[in-house]
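Because the structure is predicted, anything quoted here is derived from the model rather than measured. Residues: numbered from 1 along the sequence shown.
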Amino acid sequence: MTRSEAGRSEALPEPLAPRAWPRERDVHVWTIDLNAPPAASAPCLDEREIERARRFVRADDARRYERAHVALRAIVGAYLGCEPARVAFAEQARGKPRLIGPRTGLHFNLSHSKDLALLALGAADELGVDVEAVRADLPGVDLAAAVLDARELEQLAERPEDAQAEPFVTCWTRKEACLKAVGLGLSLEPRGLHAGLEPRPMRMRVGMRELELVSLSVRPGYRAALAAVGGLGGVSRFELDGRGMVPA
């Protein structure tokens with residue numbers, strides 16, 4: 001919620017009910033509508049989050065960032081049994097955030113694109129989740145060459161030009177989820193990783209780590225993927241609506 005929104009008479013939801021942690025290698029994936037009212041009060045954000053929001057040039061981008069991080073705090077707080085403002089994060093060496101405090105065994109990863117955010121939580125090992133909006137102008141020659149490996153480029157070229165955006169974004173999210181899971185970010189080029197254009201489950205190695213990768217069903221116009229170091233158990237889906245409700 002931006003400063004301009006803070007003075008509106010928009011009712012905030014009740015705090016989320018306590019949540020049971022994912023068991024073993026199970027993962028909970030939350031879908032968050034960034035057009036819905038915020039999941040908690042904006043003052044729950046810390047100074048680092050507030051400063052990052054201020055750097056956005058477009059007001060809509062700042063609003064989406066803030067609402068995604070407010071939802072992150074509200075949901076994680078429900079698992080930890082604390083208020084959103086008391087959830088504390090620190091950045092690892094390559095910028096991936098982690099929980100700090102007395103209960104740090106919950107792994108999480110957040111991604112947002114346009115009006116949709118996804119949050120993945122698990123207790124077994126590191127996770128990566130990615131969601132991207134599909135745009136008709138994607139991929140373009142330069143972007144495709146930067147993201148896809150030689151085999152993926154060949155497979156994409158076999159498709160009509162007006163049917164390339166969805167498989168490209170599918171592949172892009174799969175690679176981003178893997179890179180986020182192992183915490184490599186931009187230190188490994190996506191074209192150095194084979195994830196495929198099809199949304200099929202697969203196991204792969206990235207560096208010294210074994211991953212399990214799945215694509216996720218999301219609303220039309222978006223593609224998403226989830227990767228887990230060491231493998232996945234069950235994936236449970238939840239939604240956070242504007243009233244703070246949590247239907248499965």
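Following chains of ILVMFWY side-chain contacts shorter than 4.5 Å, one can reach Leu148 starting from Trp172, so the two form part of one hydrophobic cluster. Side-chain heavy atoms closer than 4.5 Å link hydrophobic residues (I, L, V, M, F, W, Y) into clusters, and following such links, possibly through other members, connects Leu116 to Leu127. Residues Val235 and Leu121 do not share a hydrophobic cluster, clusters being chains of Ile/Leu/Val/Met/Phe/Trp/Tyr side chains in contact below 4.5 Å.
Side-chain contact between Leu197 and Leu156: present, with at least one pair of heavy atoms (C-beta onward) separated by less than 4.5 Å. For the pair Thr170 and Val134, the minimum side-chain heavy-atom distance is 4.5 Å or more. When side chains are defined from C-beta on, Glu91 counts as touching Arg48, because their heavy atoms get closer than 4.5 Å. Contact check for Val29 versus Phe238: no side-chain heavy atoms found under the 4.5 Å cut-off. Pro22 is not listed as a side-chain neighbour of Val27, based on a closest heavy-atom distance of 4.5 Å or more. Here the side chains of Leu119 and Val129 are not in contact, with every heavy-atom distance at 4.5 Å or above. Side-chain contact between Phe89 and Ile100 is absent, with no heavy-atom pair separated by less than 4.5 Å. Residues Ile32 and Arg67 fail the side-chain proximity criterion, which asks for heavy atoms closer than 4.5 Å.
Judged purely by atom type and a 3.5 angstrom limit, Glu152 uses its side chain to pair as donor or acceptor with the backbone of Asp149. No donor-acceptor pair closer than 3.5 Å links the side chain of Lys180 to the backbone N or O of Lys175. At least one donor-acceptor pair under 3.5 Å links the side chain of Ser111 to the backbone N or O of Val131.
Screening Arg63, Lys114, Arg64 against Asn35 for a side chain to side chain contact (heavy atoms under 4.5 Å, CB included) leaves a single residue, Arg63.
Between Arg191 and Glu189 a salt bridge is recorded (basic side-chain N to carboxylate O distance below 4.0 Å). A salt bridge between Arg23 and Asp26 is absent, with no side-chain N of the basic residue lying under 4.0 Å from a carboxylate O of the acidic one. Using a cut-off of 4.0 Å between Lys/Arg side-chain N and Asp/Glu carboxylate O, Lys96 and Glu126 are scored as salt-bridged.
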Show me the donor-acceptor pairs within less than 3.5 Å that the side chains of residues 72-79 make with the rest of the protein, sequence neighbours left out.
unit_1	atom_1	unit_2	atom_2	d
Arg73	NE	Cys44	O	3.3
Arg73	NE	Glu49	OE1	2.9
Arg73	NE	Glu49	OE2	3.4
Arg73	NH1	Cys44	O	3.4
Arg73	NH1	Pro84	O	3.0
Arg73	NH1	Val87	O	2.6
Arg73	NH2	Asp46	OD2	3.2
Arg73	NH2	Glu49	OE1	3.1
Arg73	NH2	Val87	O	3.4
Tyr79	OH	His28	ND1	2.7
Tyr79	OH	Trp30	NE1	3.0

Show me the side-chain donor-acceptor pairs of residues 215-234 shorter than 3.5 Å, one per line, residues at least two apart or across chains.
unit_1	atom_1	unit_2	atom_2	d
Ser215	OG	Arg174	NH1	3.1
Tyr222	OH	Asp115	N	3.4
Arg223	NH2	Glu166	OE1	2.8

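Residues Ala195 and Met202 come closest through the heavy atom pair O-SD, 3.3 Å. Taking each heavy atom of Phe168 and Ala144 in turn, the nearest pair found is CE1-CA, 4.0 Å. The heavy-atom pair separating Leu211 from Ala181 by the smallest distance is CD2-CB, 4.1 Å. Smallest separation of non-hydrogen atoms from Leu45 and Ile50: O-CD1, 3.8 Å. The two residues Gln164 and Ala157 have their closest heavy-atom pair at NE2-CA, 4.2 Å.
For the atom pair Thr31 OG1 and Arg237 CZ, the distance stands at 4.5 Å (nearest 0.5 Å). Atom CD of Glu176 is separated from atom CG of Asn109 by 10.5 Å, given to the nearest 0.5 angstrom. Rounded to the nearest 0.5 Å, atoms CG (Leu138) and CG (Leu143) are 6.5 Å apart. Taken to the nearest 0.5 Å, the CG atom of Leu193 stands 5.5 Å off from the SG atom of Cys178. To the nearest 0.5 Å, the span separating CG on Leu213 from CZ on Arg200 amounts to 9.5 Å. The structure places CG of Leu110 at 8.5 Å from CG of Leu118, a figure rounded to the nearest 0.5 Å.
Partners of Tyr65 under the ring-ring contact (aromatic ring centres under 6.0 Å, His included) rule, at least two apart in sequence or in another chain, are Phe56, His69. With sequence neighbours left out, the salt bridge (charged side-chain N to carboxylate O under 4.0 Å, His left out) criterion links Asp142 to no other residue. Partners of Arg205 by side chain to side chain donor-acceptor pair (under 3.5 Å), not counting sequence neighbours, listed by chain and number: Glu210. With sequence neighbours left out, the side chain to side chain contact (heavy atoms under 4.5 Å, CB included) criterion links Glu132 to Ser113, Asp130, Val169, Thr173.
Atom CD of Glu51 is surrounded by more than 12 heavy atoms from other residues, nucleotides or ligands within 6.0 Å.
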